[in-house]
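Here the structure comes first, spelled out in C-alpha cells, and everything after it is commentary.
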2 protein chains.
Amino acid sequence: MGWKIVQLTWLTGLLSGGVATIRDVAKAAGVSTATVSAVVNESTFVSPALRARVTAAIASLDYAPLSAARNLKKGRSQLIALVVSDLANPFFARVVWSAEAAVAAWGYSQVIFNSDEKPDNERRILARIRALSCDGVLLVPVDTRVRADQRDPDGHMSPMVHFGRIADDGRADSVTIDNVSAAKQVTNYLLDLGHRSIATITGPSHLTTGRGRLKGLQEAMAARGLAPRPEHVRSGEFREDVAYSVAREIIESADRPTALYAASGVMALGVMRALADLGLRCPDDISIASTDTIPGIGALRPRLTRTEHPVTDMTNEALRLLIDRIARGSGATPRHVVFQPALILGDSCSPLP
Amino acid sequence: MGWKIVQLTWLTGLLSGGVATIRDVAKAAGVSTATVSAVVNESTFVSPALRARVTAAIASLDYAPLSAARNLKKGRSQLIALVVSDLANPFFARVVWSAEAAVAAWGYSQVIFNSDEKPDNERRILARIRALSCDGVLLVPVDTRVRADQRDPDGHMSPMVHFGRIADDGRADSVTIDNVSAAKQVTNYLLDLGHRSIATITGPSHLTTGRGRLKGLQEAMAARGLAPRPEHVRSGEFREDVAYSVAREIIESADRPTALYAASGVMALGVMRALADLGLRCPDDISIASTDTIPGIGALRPRLTRTEHPVTDMTNEALRLLIDRIARGSGATPRHVVFQPALILGDSCSPLP
DNA sequence: GAAATATGCCGAAACGATTAGATCGCGTTT
DNA sequence: AAACGCGATCTAATCGTTTCGGCATATTTC
C-alpha cells in the first residue's frame with residue numbers, strides 16, 4: 001500500500017503549473033504510464049483494482065489526454081476537412097450542417113474551409129490541410145485540373161472525396177447529384193405544361209453542375225425536337241445577384257420566354273427578386289422552376305417548383321466513402337455515387353393555353 | 001562538400017515508406033534539423049547558402065512539417081473552435097462563413113461544432129475541444145450555468161469568447177447585439193404607425209436574446225403607457241416551425257393583433273408562411289416586423305421591416321478579442337462588446353388609420 | 001513438484017518537431 | 001599575437017503519449 005504516500009504528491013504536480021499529464025496520473029495512482037494509457041484506451045486488460053485507482057486519479061486530476069501527443073504517436077489527427085466552394089451559399093451551409101453531425105458521429109472533428117470558387121484559395125487550403133495532417137478531406141472542387149500536389153510520394157492520393165462536382169478526372173471518390181436528370185425533370189414538366197420558349201440561367205460551364213444542368217435542359221427539349229434560343233441560355237456564377245441581373249435582362253428582352261429554369265436555389269431567389277422588382281407576377285407572367293433549394297423557401301409565394309437534393313443522405317454517403325477510404329488506403333479504385341434529385345411541385349409554373 | 005554524397009541517400013529515406021520528416025530534409029541538405037527548423041520558421045538567421053540548400057531539399061522532398069509534432073512541442077494547435085447553438089439557423093451559417101475568413105486571416109483553422117441548443121451536447125463538445133487542445137473557443141452558449149469544467153487548474157478559464165449570448169455570469173469575454181434596443185426600435189416604429197395591439201413571438205426566456213428582445217418590446221410599449229396582452233407574448237425556440245404554428249394560433253385567435261414582432265429571422269419566415277397559408281396579406285391584414293435577417297430575404301415580398309445585425313463586424317470583433325485573450329492570458333478582466341442593430345425599413349408594416 | 005504457459009504490469013524507446021546551450025570559425029580589438 | 005566576441009550552426013534534451021518487449025507472479029500441465 002505504498003501508493004498512498006505518492007498519492008499525496010500529485011497535488012504538488014498539479015499545483016506546479018500546467019495541466020495534468022499522463023505521468024501525473026500514473027504517479028497519483030501509483031502505476032506506470034503504460035497502465036494509465038491502457039485504462040484510457042481500453043487497449044489491454046487491467047485489473048479492477050488498478051483500473052479503479054487510475055480512474056479515480058484521472059477524475060481528481062481532471063486529466064484528459066493531449067491529442068497533439070496522441071496524434072503524433074498514432075499518426076492520425078482526428079480531423080476531417082470540409083472544403084466548400086462558397087460558404088455564403090445556403091446549399092453549402094446545409095452541407096456544413098449535415099457534415100458536422102456525420103463527422104461527429106464517426107468520432108472526428110470537422111475543420112471548415114471556404115475556397116470561394118477561387119483555385120488559388122483551394123491550393124492554399126489544400127496545403128493547409130496537409131499541414132494539419134487531416135485524416136480525410138471532403139472537397140467541393142473548384143479547380144478541375146489534376147491536383148498533383150495532393151498526391152503522396154507513392155503516387156497515391158491522400159484520402160479525399162469530391163462532393164457535388166467531379167474533378168481530377170474522377171480519380172477521387174465522389175458523391176454527386178444527377179444534374180442532367182434534375183434539369184430534365186424540370187424541363188419535361190415545363191414542356192408538358194405547354195411551354196416552348198424556355199430560358200435558363202445556369203452555372204459556370206466549367207463545372208459539372210453548370211454543364212450538366214444545361215445539358216439536361218437541352219436534351220429534354222431536343223427529345224421533342226426543340227432547342228432553347230441561344231440568347232435564352234445564360235451561364236454565370238451560382239450567385240443571387242448574378243441571377244438577378246441576368247433575369248432582368250432576359251425578362252426585359254424583346255422575346256420574353258414563357259418559362260425560366262434557374263439552375264440553383266440562390267439563383268431562383270435572384271430571379272424571384274427580379275420579377276418582384278419588375279412588377280411581374282409568377283406564374284401569371286412567367287413560370288419559374290429551379291434545381292436545388294434554400295432553407296426558408298417555404299415562406300416564398302408562389303411556392304417554387306424545383307428539384308431537391310437529398311443533402312443529408314449525400315453528406316452521409318460522402319463521409320462513409322471517406323471513412324472507408326481512410327481505413328482501406330488509396331489502393332482501391334475510386335467509387336462514384338450519384339444521387340437522384342426529386343421533383344417538388346409548387347405553383348410557380350402555370351400551363352400555357 | 002561532403003553533403004553531396006548524402007544527398008543521394010535521401011531517396012532511400014523517401015522510398016522507405018512514409019512522408020519526409022525534418023530529419024530527411026536535414027540529411028538531404030547536409031545540415032542539422034535545427035537549421036531546417038530555423039529556415040522553416042524563420043526563427044534565426046541562416047546563411048543564404050544553407051538556406052538555399054534547405055529550401056531545395058524541402059521542395060524536392062515535398063516536405064511539410066507535421067503539425068502534431070509541432071503542436072506538441074509548442075503547446076498550441078492552430079485551431080479555433082466555433083461552437084454554434086444551431087447550425088441549421090441561417091444566422092449561424094452566416095457566422096460560420098464570416099468566422100472562417102477571420103480565423104484564416106489570423107492564421108488559424110476553424111473547427112465547427114453544433115450544440116443544437118442542448119446543454120449535454122455543449123458539455124461533450126467542450127470536452128472534445130479540450131482534447132483537441134484548441135487555442136481558443138468562440139462559443140454561442142447554451143447552458144447559462146457556470147462552466148467549471150472549462151476552467152484550468154489555476155481557476156482561470158481557457159481562452160473563450162461568448163458570441164451572441166451572455167452566460168457564465170459574464171466571466172468570459174463576449175460580443176453581443178443590443179437586443180433591447182433592437183426590439184425597441186422595431187416596437188417604436190410600429191407604435192409610431194399607430195399600432196397598439198402588438199404581438200410577439202420571441203425566443204426562449206432563458207437566453208439573453210429571447211429575454212432582451214421581449215424586454216425591449218415591453219419597455220417601448222410601457223414608455224407610452226401600453227403593454228402587450230399576455231396571450232400575445234409567446235416564447236419558444238428560434239425555429240421556423242415553432243414560429244409557424246405559434247403565428248397561426250395568434251392570428252386565428254379571437255383578438256388578432258394588428259402587428260406582430262418576430263424575434264428572429266427564421267421566425268419571421270415561419271410567420272410569413274403562416275400568413276400565406278391562412279390566405280392573409282401582409283401588411284394589409286397584419287403588419288410584420290422582425291429582428292435579425294436571413295439570406296435571400298430580398299426575394300420575399302413584402303420586403304420585411306427588420307433590424308439587422310452587423311454579423312461580419314461582430315465576428316471580426318469576437319475573433320479580435322479571442323486572439324487578444326490567447327496572447328494576453330486569462331488575467332485581464334473580461335471585455336464585453338455590444339453592437340447596435342440597424343432598423344431596415346421594408347413594406348411589411350402599414351400605418352393604422 | 002518442475003516446467004510450461006498465462007496474466008498483469010512496468011520500463012523505456014519511439015513519434016517528429018522545437019530550442020536551449022554548446023561549439024566552431026573568423027574577424028576585431030588590444 | 002593572443003584574447004575576445006559574435007554570428008552561424010549543431011547537439012541533444014524535451015513535449016505527452018503509445019506500445020513493444022520483458023519480468024514477475026499466478027495458473028496450468030505432465
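Protein chains get the first letters and strands the later ones, always in sequence-line order, with residue 1 at the start of each.
Side-chain contact between T21(A) and L66(A) is absent, with no heavy-atom pair separated by less than 4.5 Å. No side-chain heavy atom of V84(A) sits less than 4.5 Å from a side-chain heavy atom of E100(B).
Between the side chains of R165(A) and S174(A), no donor N or O sits under 3.5 Å from an acceptor N or O. Judged by distance alone, the side chains of S115(B) and R123(B) never bring a donor and an acceptor atom under 3.5 Å apart.
In terms of position along DNA chain D, the nucleotide closest to L50(B) lies nearer the 5' end than the nucleotide closest to the other residue of the pair L50(B) and A69(B). Mapping K73(B) and S37(A) onto DNA chain D by nearest heavy atom places K73(B) at the nucleotide closer to the 5' end.
When the P atom of dC15(C) is taken as reference, atom CZ of R23(B) falls 7 Å away, rounded to whole Å. For the pair L72(B) CG and dA13(D) P, the interatomic distance rounds to 17 Å; values are reported in whole Å. One can place CZ of R76(B) at 18 Å from P of dC15(D), the figure rounded to the nearest angstrom. Rounded to an integer number of Å, the gap from CG of N71(A) to P of dA17(C) is 14 Å. Rounded to whole Å, atom C1' of dG16(D) lies 18 Å from atom NZ of K74(B). A straight line from CZ of R70(A) to C1' of dG16(D) spans 11 Å, rounded to a whole angstrom.
In this structure, of dC15(C), dT17(D), dA12(D), it is dT17(D) that holds the atom nearest to the side chain of L66(A). Set against dT18(C), dA12(C), dC10(D), the side chain of I22(B) has dT18(C) as its closest nucleotide.
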Residues K27(A), D24(A); criterion salt bridge (Lys or Arg N to Asp or Glu O under 4.0 Å); working and verdict | CA-CA 5 Å; K27(A) 206 163 288 181; D24(A) 298 326; 5.8 Å; no
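At dC9(C), none of the side-chain N or O atoms of T35(A) fall inside 4.0 Å of OP1 or OP2 (strictly under the cut-off). One finds no side-chain N or O of S32(B) lying less than 4.0 angstrom from the OP1 or OP2 phosphate oxygen of dT9(D).
Taken residue by residue, residues 39-47 of chain B places heavy atoms nearer than 4.0 Å to DNA chain C at N41(B).
Scanning all heavy atoms of the two residues, the minimum distance from A81(A) to I129(A) falls at CB-CD1, 3.5 Å.
Of the charged side-chain nitrogens involved, at least one lies within less than 4.0 Å of a carboxylate oxygen, so that K118(B) and D116(B) count as a salt-bridged pair.
When heavy atoms are screened at a 4.0 angstrom cut-off, V36(A) is found touching no nucleic acid atom at all.
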